[in-house]
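This chain uses plain numbering: 1 for the first residue, then up along the sequence.
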Amino acid sequence: MWDVIASSAMSKTLFLSLLLAALPAIAASLPTATPEDSGLSTDRLKRIESMVARHMDLGDITGAVTLIARKGKIAFVSVQGVMDAETKKPVTRNTVFRLASM
């Protein structure tokens, strides 16, 4: 799929950056629904929060925003942690994260 969208590593990075930059605007315009109305399980989605919390406890990450949309509706949003360990500024739903390539 990537070969169709972008042919070079730089083009792929640019495409991914533009896609990630557009996601907040796309998500803001989506209607919401309960997980069950979207065919998902609230109990099972809570496992995502537990997994993120484990990674925060291990020091892998300081915070995260998880958003799951299905059938054109936002079914689950979880905001956890802080943006920066030093400032302790809390993560918000519209926090922008820096991503670095390995």
Side-chain angles (χ1 to χ4, degrees):
M1 178 176 160
W2 280 107
D3 293 329
V4 174
I5 296 170
S7 59
S8 71
M10 193 158 110
S11 295
K12 291 176 189 177
T13 303
L14 177 62
F15 174 76
L16 184 58
S17 298
L18 292 173
L19 178 64
L20 290 173
L23 285 177
I26 294 167
S29 66
L30 290 177
T32 59
T34 66
E36 283 71 23
D37 288 342
S38 300
L40 302 170
S41 166
T42 299
D43 292 334
R44 292 180 65 89
L45 289 170
K46 292 294 181 185
R47 293 180 185 181
I48 295 170
E49 287 181 327
S50 298
M51 186 256 327
V52 170
R54 280 194 308 273
H55 283 281
M56 288 173 26
D57 291 343
L58 292 170
D60 296 336
I61 59 174
T62 59
V65 176
T66 306
L67 185 144
I68 298 175
R70 185 161 191 237
K71 299 180 181 178
K73 296 182 181 176
I74 297 173
F76 177 79
V77 178
S78 174
V79 180
Q80 297 172 261
V82 296
M83 292 174 49
D84 184 318
E86 293 175 15
T87 64
K88 303 291 187 208
K89 184 176 179 183
V91 172
T92 63
R93 184 172 169 162
N94 63 349
T95 295
V96 176
F97 294 89
R98 290 181 181 223
L99 301 176
S101 174
M102 295 178 80

With the 4.5 Å side-chain cut-off for hydrophobic clustering, are V91 and L67 part of the same group?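 V91 clusters together with L67.
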ILVMFWY cluster, I68 and L30 together (side-chain gap under 4.5 Å): no
Taking all heavy atoms of [X] and all of [Y], pick out the closest pair and write down the distance.
| X | Y | result |
| --- | --- | --- |
| P35 | S41 | CB-C, 4.4 Å |
| A33 | K73 | CB-CD, 3.7 Å |
| M83 | T62 | O-OG1, 3.6 Å |
| L40 | R70 | CD2-CD, 3.9 Å |

Nearest 0.5 angstrom please: K71 NZ to D37 CG, how far? 9.5 Å
Quick one: pull up CD in Q80 and CD1 in I61 and give me the separation to the nearest 0.5 Å. 7.5 Å
Side chains of [X] and [Y], heavy atoms from C-beta outward: is any pair under 4.5 Å?
| X | Y | answer |
| --- | --- | --- |
| R93 | V79 | yes |
| F76 | E49 | yes |
| V77 | T32 | no |
| K46 | S50 | no |

Could you walk me through whether T42 and E36 pass the side-chain hydrogen bond (donor to acceptor under 3.5 Å, both in side chains) test, one step at a time? CA-CA 7 Å; T42 299; E36 283 71 23; 2.9 Å; yes
